[in-house]
*Asks:* 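My questions will all concern the structure given below.
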Amino acid sequence: MSLPMADAVIVGAGAAGPIVARQLTAAGWRVVLLERGPWYTPWDCRKDDLRNQRNSTLGNAFGPDDEGHPRVVVDLDGTTRIVAPSEPGYSNNAACVGGGTLSYGAMAWRYHPYDFRMASQYGVPEGSTLADWPISYDDLEPYYEQAEWELGVSGDDSNNPFKGRRRKPLPMPPVSPQEREHEILDKAARRLGLHPFHIPMLRNSAPYNGRPACMRCRWCVGFACEVDAKNGSQNTVLPTALATGLLELRTECTVQDIVFDEHGRATGVRYFDRGGGRWEQPARVVISSCGAIESARLLLNSSNSLFPHGLGNRYDWVGRNLQGHTYTGALGVFDEILYDDLGPGASIAVSDYNHGNPGLRGGGALCNEFVRLPYQFVGMRDPVVPRWGQAYKDWMRHAYRRAIAVQGPTQEMPVFESRAALDPQVRDKFGIPVVRLSGPKHEETIAISTVQAHHADAWLKEAGAVKTWLKLAGKGTSGGQHQAGTCRMGNNPKTSVVDRNCRVHDIDNVFVVDGGVHVTNGGFNPVLTICALAYRAGEFIVQSGLKPRA
Amino acid sequence: MLTGEKSLNRRKFLATAAAAGAAACSYTQNSPWRVLSGEEARTLGAWCECLIPEDSDAGAKRAGVVRFIDIQLTRKYKRHRKLYAQALSALNLLARHNTSHDFAELPFEARTALLEEFEKGQYRAAFNLVLDHTMQGYYGSPRHGGNADYASWRMLGVPIVPVRGRLQYSILDPASQGGQS
């Protein structure tokens, strides 16, 4: 069944989609926003250590459900497995209004200026598709600022000499009081000659935008915020866009493909509602904001005689260069009790190792980790401690409140063979082909991440840890919640999928706006960059002339 | 009051229902368990207790780990039912073979020694599964049937907070939240 024409249809209400909706509705566009999941509220916070987006042992709190949403994962030894969303390897992002921003840890990083020109800075290693972005940090800076102020970021990076130029400080100071962990690590970092500072966070440290400050509970990353102090798209830009009366948000709608006219221009999307009813939403402009993996899937599933291998995929670049972050670090146990039950836990970072690691291409930020919930800490065992029995119990009892974890996201070297392709057989509950994830990490990524783990270890030792151990990375396919790279942005249509304005090279009225367009993924959590790109793309779309003047 | 005929019918019905129930899953009459048989639950309890033994703080058994696993075997871990049945019976067989006693009847040290052998053998995967599920039941949220009375959180000294919100307005005084220190 067909519906009235919209000026734009946006697929996916995650970090980016609602920002694009906010930009378009502010300019008077009539927009339909389709989201595969439901809209949760702060009352849906269950504080469940075993069932959340961080630890999905008993399932995902905010989707997708394990039933009917399989993916195929090809391991490095060639073994093929069908995995459910709560299982390792799926690279899950929440399926709900707000997407990952409902339940994330909320680190709000700007990428480093060098992160936009990694190839020029370092040269391209063999076996990598490392390239510069077609835009620079300066191009994105005003939009970073807009994201920081509209969504709300707390923190203080004034002691970070490595950051890019910023015109305006963050709108809120860091949460206070500081955790003991923070104080100890701060002193140790200074003794090492490092430059510690307060992590910027999309979390209220004071009432902001009509919502309260963080209450410092320990159920933060992986959980919806019970007091609504965490700022995601669902409680900021989305209500703004809805208030214009020009946005229609339809939840629990799963888009199958983009549809075209005989000239190859997009005319809208086809989707299933929650009951399996089929609809077609006509629109002048189609924007895919499904996240790197699902946006690649949508483009690959949108084929016709003009685009036989998927939209934007004339040169086989859609789904390629799948990246995430290679997290490594160290854990340390101290003599004294440090645990003070102050969430979110992560608060201090150094950016000294994002660039300038001798002989290595880049690096990443190092941060103290979010509060380790007890069952999570089980997986962080010191490898010399027996896995079970009295010795293990004694260790848990001793170490839990005396441990600090420091880790960080190593910027990955993109690999062409690391990819999200369509699986030829497996389909989801609507019969739509699902993705097949495969490919290794680059050797240099592993090398950099190992050096980062040693940096973390040295920091903990300087802080007084009496015992430390490393957390190192495996070589398997990257992705995860920080998934990126599958719809690369570039000036050359033969080696990228979208142009510098997030518009698919092949076609003038389809855009990809999410982490998929990242050429490289920075040595930082990606969400603020996704938001900044969405503000920028939204502004471009408004000015593109794709909507006829009324 | 039931008439004789009705009473007979009721008995018949109960017998049929019990048979149907037994055929559909392993619910047994008078069993406090959903999936496990009484013997399986005893063996599993004795097993988990070796993984997290009772001392000044609750062990796995008192913390309700068997109940956690039994509940999860009706839900997310339905697919592990067969492995549980096989592993529990294999462990008991090993115990009887080595000691001519049921696993659950053995003293703690003897059980630990048997598990060390079991862990290295063909049931390594099952052992790891039970180990992981035991940790989940012990250290996870009480809402899933384990961590009874916040046993592990008390042990770790993690404040036991209300279902929603915090216990106090001042975040400067975490000790006021009821945690042990």
Side-chain angles (χ1 to χ4, degrees), chain A residues 42-43 45-52 55-60 66-67 84 86-87 175-180 213-219 226-227 337 339-343 371-379 381 386-403, chain B residues 47-60 68 71-72 75-77 108 112 115-116 119 127-128 130-144 146-147 150 152-153 155-159 161-166 168-175 177 179-181:
Chain A
W43 287 97
C45 175
R46 298 275 181 268
K47 288 179 172 174
D48 184 339
D49 293 20
L50 298 176
R51 190 170 186 277
N52 56 74
N55 189 324
S56 55
T57 297
L58 296 182
N60 290 310
D66 277 356
E67 297 291 322
S86 72
E87 292 173 343
V175 292
S176 67
Q178 287 168 8
E179 313 82 1
R180 288 202 63 198
C214 171
M215 68 166 179
R216 314 296 302 277
C217 85
R218 64 178 182 261
W219 290 273
E226 182 176 273
V227 296
I337 288 176
Y339 185 86
D340 49 14
D341 202 46
L342 287 180
V371 173
R372 283 75 57 196
L373 297 171
Y375 175 62
Q376 260 177 305
F377 194 68
V378 169
R381 179 180 57 95
R387 295 194 302 157
W388 53 277
Q390 189 65 48
Y392 178 77
K393 190 182 183 191
D394 289 341
W395 180 79
M396 274 297 281
R397 191 161 35 204
H398 175 79
Y400 181 75
R401 285 188 299 166
R402 291 174 174 83
Chain B
W47 179 347
C48 298
E49 189 65 12
C50 289
L51 304 178
I52 306 177
E54 178 95 15
D55 51 18
S56 54
D57 292 294
F68 167 82
I71 291 171
Q72 297 318 316
R75 300 176 183 172
K76 178 98 193 263
Y77 296 155
F108 181 82
T112 299
L115 282 172
E116 279 166 356
E119 182 185 8
F127 181 90
N128 288 338
V130 173
L131 177 58
D132 202 11
H133 293 175
T134 301
M135 295 297 167
Q136 289 162 18
Y138 191 78
Y139 291 107
S141 307
R143 65 188 310 139
H144 299 294
N147 198 2
Y150 307 95
S152 67
W153 294 0
M155 171 180 104
L156 297 176
V158 176
V161 300
V163 175
R164 295 191 73 80
R166 290 180 78 99
Q168 85 303 339
Y169 282 109
S170 170
I171 53 179
L172 294 166
D173 183 19
Q177 293 181 81
Q180 295 173 350
S181 52

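In this text, all values refer to a predicted model and were calculated from it rather than measured experimentally. Each chain gets a letter, A, B and so on, in the order the sequences are listed, and its residues count up from 1.
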*Asks:* Taking it one step at a time, do B:Phe127 and A:Trp388 satisfy ring pair (Phe, Tyr, Trp, His ring centres under 6.0 Å)?
*Replies:* CA-CA 11 Å; B:Phe127 181 90; A:Trp388 53 277; 5.5 Å; yes
*Asks:* Which one of B:Arg75, B:Gln136, B:Gln72 has the most heavy-atom pairs closer than 4.5 Å to chain A?
*Replies:* B:Gln136
*Asks:* Given that the side chain runs from C-beta out, which part of B:Ser152 has a heavy atom under 4.5 Å from chain A: side chain, backbone, both or neither?
*Replies:* neither
*Asks:* Side chain, backbone, both or neither: which part of B:Phe68 has a heavy atom under 4.5 Å from chain A?
*Replies:* side chain
*Asks:* Which one, A:Val378, A:Asn55, A:Leu58, leads in non-hydrogen pairs under 4.5 Å with chain B?
*Replies:* A:Leu58
*Asks:* So, are B:Asp55 and A:Arg397 salt-bridged, with charged N and O less than 4.0 Å apart?
*Replies:* yes
*Asks:* Taking side chain as everything from C-beta outward and backbone as N, CA, C, O, which of these in B:Leu131 sits under 4.5 Å from a heavy atom of chain A? Side chain, backbone, both or neither.
*Replies:* side chain
*Asks:* Do A:Tyr375 and B:Asp132 get their side chains close enough for a donor-acceptor pair, meaning under 3.5 Å?
*Replies:* yes
*Asks:* Looking at A:Asp48 and A:Trp219, what are the two nearest heavy atoms and their distance?
*Replies:* N-CD1, 4.5 Å
*Asks:* Non-hydrogen atoms of chain A under 4.5 Å away: do they reach the side chain of B:Glu116, the backbone, both or neither?
*Replies:* both
*Asks:* Could B:Lys76 and A:Asp66 be called an ion pair, given the rule that one side-chain N must be under 4.0 Å from one carboxylate O?
*Replies:* yes
